[in-house]
S.K.: 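This structure is in structure tokens; I'll ask about it shortly.
Every heavy atom of this structure was used, including side-chain atoms; hydrogens, water molecules and symmetry mates were not. Numbering of ligands and ligand atoms starts at 1, following listing order. Position 1 is the first residue of the sequence, and the numbers go up from there.
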Amino acid sequence: MEMTSQLPGHFITFEGGEGSGKSTQIRRLADRLRGRGHDVVVTREPGGTDLAEAIRSFILSGAAEPLGPEAETMLFAAARADHVERVIRPALQRGDWVLCDRFIDSTRAYQGSDGVDASLLDSLEKIAVGEARPDLTLILDLPVEIGLDRAQRRRSGEEGPADRFERETIERHQRRRDLFLAIAAREPERCVVIDANQSLEQVEDAIWHSVRQRLNESVN
Ligand SMILES: Nc1ncnc2c1ncn2[C@@H]1O[C@H](COP(=O)(O)OP(=O)(O)O)[C@@H](O)[C@H]1O
Ligand SMILES: [Mg+2]
């Protein structure tokens with residue numbers, strides 16, 4: 001089944017919780033595609049352009065917090081519109097492969113779990129993304145404790161029992177995991193759930209299998 005947008009390139013997004021292996025696997029897929037002679041753009045959200053990075057810093061500084069989650073969501077959408085307009089759409093128009101670390105589904109999972117209304121998320125998505133929708137979304141799924149443990153090891157190499165804050169975080173992450181899986185169930189033509197609780201090589205193979213299966217005619 002070949003499913004692409006109107007644009008000649010190929011747009012793959014990587015989604016999933018903290019420590020699920022998105023950044024690791026995006027590099028591996030980029031290397032593999034480049035090794036086969038494809039032009040690949042690797043990018044990430046939030047960010048991807050100077051303007052989007054500035055908005056990201058503004059939000060992360062806490063300055064936007066008094067505005068509430070809806071306003072924050074609109075700021076993220078403005079950043080996304082710039083990223084799509086300046087980086088993603090031009091690359092797809094050139095016929096490149098675009099691999100993006102987090103995209104619309106992270107907004108649905110994170111802002112959605114913060115209580116932002118789905119209809120606002122839908123409207124902003126239409127404005128910011130337009131026709132530059134992902135051809136394929138790989139949802140890297142694993143138990144949240146394992147992902148958080150990987151992320152913590154990556155940061156500090158230290159271990160320890162979960163404190164109260166970490167337990168809250170696990171619950172929040174669990175809600176986001178459920179939202180990612182609900183998106184995958186709702187849009188099976190776009191999304192593939194990858195079991196990320198396997199070795200690096202097994203996850204890489206599963207991703208490559210999905211890319212070939214979904215975008216078969218395009219991969220040489
Ligand atoms: N399949 C895997 N098995 C074990 N460790 C992994 C696996 N995938 C990634 N890691 C490690 O877990 C940490 C988080 O991976 P990363 O790719 O940064 O995740 P993400 O970008 O989704 O937060 C890194 O230290 C990485 O080396
Ligand atoms: Mg990452």
S.K.: Please determine whether salt bridge (charged side-chain N to carboxylate O under 4.0 Å, His left out) holds for the pair R153 and D149, giving the CA-CA distance in whole Å, both sets of side-chain angles, and the decisive distance to 0.1 Å.
M.R.: CA-CA 6 Å; R153 283 166 197 266; D149 185 55; 2.9 Å; yes

S.K.: Go around the Mg ion (ligand 2) and count every protein N, O or S atom nearer than 2.8 Å.
M.R.: 1

S.K.: Looking at ligand 1, does G147 have a heavy atom less than 4.0 Å from it?
M.R.: no

S.K.: Does any N or O atom in E18 lie less than 3.5 angstrom from one in ligand 1, N or O only?
M.R.: no

S.K.: Give every residue pair that meets the ring-ring contact (aromatic ring centres under 6.0 Å, His included) criterion with at least one member in residues 95-123, sequence neighbours excluded.
M.R.: H10-W97, F11-F103, H38-W97

S.K.: What's the shortest distance from atom 19 (O) of ligand 1 to any protein heavy atom, and which residue and atom give it?
M.R.: G21 N, 3.1 Å

S.K.: With a cut-off of 6.0 Å (strictly less than), are more than 12 heavy atoms of other residues, nucleotides or ligands near CD of E65?
M.R.: no

S.K.: S20: heavy atom below 4.0 Å from ligand 1, yes or no?
M.R.: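 Contact check S20 vs ligand 1: positive.
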
S.K.: Out of D149, N197, L142, L200, whose heavy atom sits nearest atom 7 (C) of ligand 1?
M.R.: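 Closest candidate by heavy-atom distance is L200.
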
S.K.: If two hydrophobic side chains count as joined below 4.5 Å and joins carry through other members, does L181 share a cluster with V192?
M.R.: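 No; V192 is not reachable from L181 via cluster members.
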
S.K.: For ligand 1, is there an N or O atom under 3.5 Å from any N or O atom of A151?
M.R.: no

S.K.: For atom 11 (C) of ligand 1, what is the nearest protein heavy atom, given as residue, atom name and distance?
M.R.: R150 CD, 4.2 Å

